[in-house]
Each structure stands twice: as C-alpha cells, then as structure tokens.
Amino acid sequence: ACHPSDLSSSLPHRTPEQLISLASTIASSELSSEQKVIVEQILLDIPRTYPDHVTFGAGLPSLPEDLHHVFCSSSSSSVPTDSLPFATTAQRQLYEVLRTFSLHNKSTGYCQGMSYLVGVMIMMGFGPEEACFGFSTLITRDLQGYYLPRMPQLIYHSKLFSKMIEHTSPALAAHLEHEGVGDPIMYVTPWWMCMFTSFPYWECVLRIWDIFLFEGIPGLFRVSLAIMHMCRQAMMDLQGTEMLLPFLLRPPIQSLGGVSVLFDLASKIDITTVLQAAISGVATSELGMAVQQGTREEAGSPSPRKRKLRSSVGLSPPKRSLFGRLIGSIATPSSLVSSMPAHGANTTGRARRGRAQHPLSTHRVPSRSAYTSINATPSPPHSYYNS
C-alpha cells in the first residue's frame with residue numbers, strides 16, 4: 001500500500017471526488033509510530049466533540065476508551081475504519097476527515113480544536129469528502145499557523161489583538177491588565193482555534209463563520225473586538241481572574257443585547273485602521289525590546305583590552321548566560337512574522353467575486369494589506385468606529 005508520506009499533492013487542489021480515492025488509500029496505509037500516536041489522539045477526541053449534540057451521539061454509550069482500546073490492541077499498524085465502534089455515522093466521518101488530513105498534511109498534522117471545525121461542516125450537511133476539502137482549504141488559507149508547533153500565528157495575532165484593545169478601549173485594557181487577564185491568549189485561544197464553537201448561541205456561531213469565510217482573519221479580529229466592546233461595562237464591574245476569565249471564555253451575549261447588537265457593533269468597526277495601528281504598535285514594542293536587549297548586552301560586554309587579555313592567557317570569550325541563551329532561543333513575534341505562511345490576497349479576492357452579499361454589508365471588506373503591512377500610521381481612537 002502507498003505510505004501516507006508519499007502523498008505529496010495538496011488537498012485544496014483536489015476535487016471532492018479525488019479525495020475519495022485519497023482517503024481510501026490513506027485508510028489502508030501502514031502507519032509509522034508517530035502517525036499512530038496522531039490517530040490515537042484523534043480517537044480520544046472524537047467522543048469529546050459536541051458530546052451533547054444528537055448528530056454526534058448525545059446519550060449514546062460511546063466512551064473514549066472504546067475507540068482507543070480497539071485501535072491500540074490491534075497487532076497491525078493499519079486498522080480499518082469499519083472495525084472501530086463509533087456511535088454515529090457523523091463520528092465515523094469526523095474520524096475519516098481528521099485522519100486523512102493529518103496524515104496527508106505532515107507539516108500541520110493534528111491538533112486539538114480541529115475536530116470542532118470539521119464537526120460544524122458535518123452538521124451543516126457536508127459529506128466526508130466535501131468536509132475534508134473545505135477544512136483543508138480553510139486551514140491552508142488562514143489558520144495553518146494556529147495549529148503548528150508553538151502556535152506562531154496564534155501568538156502573534158493575540159499580541160495584535162492586545163494592541164487593538166489598547167487603542168480602542170484604553171480603560172478596559174488597563175483594567176484587564178490590572179486584574180490579571182491582560183494577555184488575550186488566555187481567552188482567544190479557544191475562541192479562534194475552535195472558531196467560537198464554544199459559545200452557547202449557535203445563531204451567533206454561524207454568523208461569525210459567515211464573516212470569517214468572507215473576510216478571513218480580519219473577520220475574526222472584527223468580531224472579537226465587537227465582543228470586547230459589547231461586554232466592556234460588564235467586565236469593568238468584575239474583578240479578579242477567577243471572575244473575568246470564565247466571563248470571557250463564554251460571554252453572555254444574549255443578556256447583553258443579543259446577536260443583532262453584537263453584529264451591528266461589528267459592522268461599525270473600521271478593522272483596516274485598527275489592524276494598521278495594532279501592527280505598528282507591536283512592531284514598535286518589539287523594536288524597543290530589541291534596543292533594550294542590545295543596550296544590556298553592550299553594557300555587559302568586556303572592553304577590547306579585557307578581550308585581548310583573555311585571548312593572551314587562553315580564555316575563550318565569555319558566553320551568554322543560560323537565561324540569556326534560553327530567551328534567545330524563543331521565537332519572538334517579529335521573527336515569526338517572516339516565517340508565517342503568506343495569505344493569498346489575489347486568490348481570495350477572485351474567490352469572493354460573484355458571491356452572496358457580505359454578512360456585514362454596511363461595511364467594506366477589509367484589505368488584506370492591512371494584515372501584513374507595518375508601515376501604517378495609527379489613527380486616533382475615535383476613528384476606529386464608523387458612525
């Protein structure tokens with residue numbers, strides 16, 4: 001059988017029909033030890049995905065140990081999908097899509113959170129081939145860096161979002177920082193990696209997906225910023241991480257005005273201007289940190305006379321401290337920007353032509369140049385919202 005690593009074609013360039021034979025080939029392939037670990041993790045996550053939804057077996061007896069035991073107890077490194085005791089057809093399809101994608105896309109593999117995105121497509125009536133095609137396109141177009149090791153894109157975007165909050169709501173940013181939740185990575189990780197599917201209002205989730213499919217990452221920023229603006233007063237009245245973090249993980253949108261109010265706020269945000277200001281702010285912060293680091297290193301370096309003396313007695317130049325080497329080994333947002341996958345503005349633009357009306361038709365779809373440029377000058381806070 002063909003080994004999964006030999007399948008080098010890109011999924012987005014295949015038609016759904018071509019994915020049928022691809023999935024069949026991968027299903028019958030022998031797995032390496034590393035790939036078997038990935039499949040084991042997928043099997044553990046299948047029963048945890050939408051456990052309260054009837055499509056995925058709500059109320060049916062299907063425990064994670066059932067799937068995991070059958071797979072791990074097999075003497076072969078290839079287990080037919082039909083032999084696994086899934087509770088519903090949707091669970092089987094979810095497994096097939098995640099397995100095919102993870103074994104095919106070696107650079108990304110599988111990461112927890114992916115199952116929720118595929119699950120939405122299956123609940124919306126996508127077949128396994130269509131869901132695999134759509135999910136792969138979604139990941140490679142916008143979200144690949146969210147699921148790579150160390151999550152470079154997610155970390156950088158959380159820093160951008162922090163700057164957006166500072167520019168649009170300075171008092172809220174200061175309050176969150178003072179109460180211990182100043183770093184958005186604490187709550188935007190489940191928001192973005194699960195595409196807001198943890199929110200209790202399904203109408204809200206589907207409308208967020210509409211915006212994301214039209215706008216890409218700027219759409220995620222737009223809705224996230226609207227949520228912060230909508231919940232601002234409620235958060236200002238809360239104190240401590242133990243009160244603010246649960247509130248942010250599942251914001252009570254219905255009790256604060258409802259879905260219509262949220263998306264009305266989102267439609268008024270000039271996301272291009274906000275993004276430009278945030279990117280400039282992050283770049284400035286990174287430059288300041290680099291200057292401070294350089295000043296400290298320069299102040300701690302030995303003089304030329306001392307270096308000459310060390311050389312004359314056979315001593316090597318002083319090495320950086322262990323802490324300094326540890327910090328230096330951590331990728332910073334500025335270094336991650338250059339390694340982030342490029343976003344195909346032209347391809348996305350062509351795909352959007354002729355589509356249905358934008359879900360926020362009162363506001364122009366933002367240019368993706370705002371997402372990559374760091375040369376824009378920030379505008380005053382009052383201009384971030386259109387009247």
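For the numbers below, each heavy atom of this structure counts, side chains included, while hydrogens, waters and symmetry mates do not. Just so it is clear, the model here is predicted, and its values are computed rather than measured.
Under the 3.5 Å distance criterion, the side-chain polar atoms of Trp209 are left unmatched by any main-chain donor or acceptor of Cys204. In this structure a side-chain-to-backbone donor-acceptor pair under 3.5 Å is present from Thr189 to Ile185. The backbone N or O of Asp142 sits less than 3.5 Å from a side-chain atom of Gln153, completing a donor-acceptor pair. No donor-acceptor pair closer than 3.5 Å links the side chain of His229 to the backbone N or O of Leu265. Under a 3.5 Å cut-off, the side chain of Thr137 and the backbone N or O of Phe133 do form a donor-acceptor pair. The closest donor-acceptor contact from the side chain of Ser102 to the backbone of Arg99 lies under 3.5 Å. Judged by distance alone, with hydrogens and angles left aside, the side-chain atoms of Glu130 form a donor-acceptor pair with the main-chain N or O of Gly127 at under 3.5 Å. Between the side chain of Tyr110 and the backbone N or O of Phe101, no donor-acceptor pair lies under 3.5 Å. Judged purely by atom type and a 3.5 angstrom limit, Thr241 uses its side chain to pair as donor or acceptor with the backbone of Glu179. The backbone N or O of Pro252 lies less than 3.5 Å from a partner atom in the side chain of Ser255, making a donor-acceptor pair.
Of the candidates Met164, His167, Lys163, Met164 is the only one forming a side chain to side chain contact (heavy atoms under 4.5 Å, CB included) with Val274.
No side-chain donor from either of Gln93 and Thr88 sits under 3.5 Å from a side-chain acceptor of the other. A side-chain donor-acceptor contact under 3.5 Å links Trp192 and Ser224. A donor atom on one side chain and an acceptor atom on the other are found under 3.5 Å apart for Thr108 and Gln144.
Nearest heavy-atom pair across Tyr156 and Val282 is CE1-CG1, 3.9 Å. Contact detail for Phe56 and Gln91: the closest heavy-atom pair is O-NE2, 3.1 Å. Heavy atoms only, all atoms of each residue included: Ala90 and Thr55 are closest at CB-O, 3.2 Å. Listed here is the closest heavy atom pair of Arg222 and Ile269: NH1-O, 3.0 Å. Leu244 approaches Met235 most closely through the heavy-atom pair CD2-O, 3.7 Å. In plain terms, the two heavy atoms of Asp264 and Ser267 that are nearest each other are O-OG, 2.7 Å.
Atom-to-atom distance recorded for Cys231:SG and Asp237:CG is 12.0 Å, nearest 0.5 angstrom. Taking CG of Leu220 as the reference point, atom CZ of Phe161 lies at 10.0 Å (rounded to 0.5 Å). Here the straight-line distance linking atom CG of Leu206 with atom OH of Tyr201 works out to 15.0 Å at 0.5 Å rounding. Taken to the nearest 0.5 Å, the NZ atom of Lys159 stands 11.5 Å off from the CG atom of Leu154. Separating the CD atom in Glu34 from the CG atom in Leu103 is a distance of 10.5 Å, to the nearest 0.5 Å. To the nearest 0.5 Å, the span separating CE on Met195 from CD1 on Ile208 amounts to 9.5 Å.
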Open item on the list: Could you go through Leu213 and Leu138, starting from their C-alpha distance and side-chain angles, then the distance that decides it, and tell me whether this counts as side chain to side chain contact (heavy atoms under 4.5 Å, CB included)?
Closed with: CA-CA 8 Å; Leu213 293 175; Leu138 198 67; 3.7 Å; yes
Open item on the list: Using the rule given for side chain to side chain contact (heavy atoms under 4.5 Å, CB included), can you reason through Val120 versus Trp202, listing the C-alpha separation, both sets of side-chain angles and the distance that settles it, and then say yes or no?
Closed with: CA-CA 10 Å; Val120 169; Trp202 202 242; 3.9 Å; yes
TODO: Kindly indicate, with the supporting measurements, whether the criterion side chain to side chain contact (heavy atoms under 4.5 Å, CB included) is fulfilled by Met193 and Cys111.
DONE: CA-CA 9 Å; Met193 290 189 70; Cys111 181; 3.7 Å; yes
- [ ] List the steps, then state whether side chain to side chain donor-acceptor pair (under 3.5 Å) holds for Ser107 with Asn105.
- [x] CA-CA 6 Å; Ser107 62; Asn105 193 326; 2.9 Å; yes
- [ ] Decide side chain to side chain contact (heavy atoms under 4.5 Å, CB included) for Arg232 and Met228; before the verdict, give the C-alpha distance in whole Å, the side-chain angles of both, and the deciding distance to 0.1 Å.
- [x] CA-CA 6 Å; Arg232 177 172 53 191; Met228 300 301 288; over 6 Å; no
Task: Stepwise side chain to side chain donor-acceptor pair (under 3.5 Å) test for Ser32 and Gln35 - done: CA-CA 5 Å; Ser32 66; Gln35 291 166 338; 3.3 Å; yes
Task: Test log, rule salt bridge (Lys or Arg N to Asp or Glu O under 4.0 Å), inputs Arg207 and Asp210 - done: CA-CA 5 Å; Arg207 290 186 66 178; Asp210 287 343; over 6 Å; no
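Side-chain contact between Phe221 and Leu160 is present, with at least one heavy-atom pair separated by less than 4.5 Å. You'll find the side chain of Phe126 stays beyond 4.5 Å of the side chain of Val97, heavy atoms only. The side-chain heavy atoms of Tyr95 and Thr49, taken from C-beta on, include no pair separated by under 4.5 Å. With a 4.5 Å cut-off on side-chain heavy atoms, His53 and Met123 count as touching. Residues Tyr50 and Ile122 are not in side-chain contact: their nearest non-hydrogen atoms beyond the backbone lie 4.5 Å or more apart. Side-chain contact check for Leu117 versus Met114: every heavy-atom pair is 4.5 Å or farther apart. Here the side chains of Asp183 and Ser162 are not in contact, with every heavy-atom distance at 4.5 Å or above. Contact check for Phe263 versus Ser260: no side-chain heavy atoms found under the 4.5 Å cut-off.
Within a 6.0 Å sphere centred on CD of Glu242, other residues, nucleotides and ligands contribute more than 12 heavy atoms.
Scanning for ring pair (Phe, Tyr, Trp, His ring centres under 6.0 Å) contacts around Tyr146 gives His157, with sequence neighbours left out.
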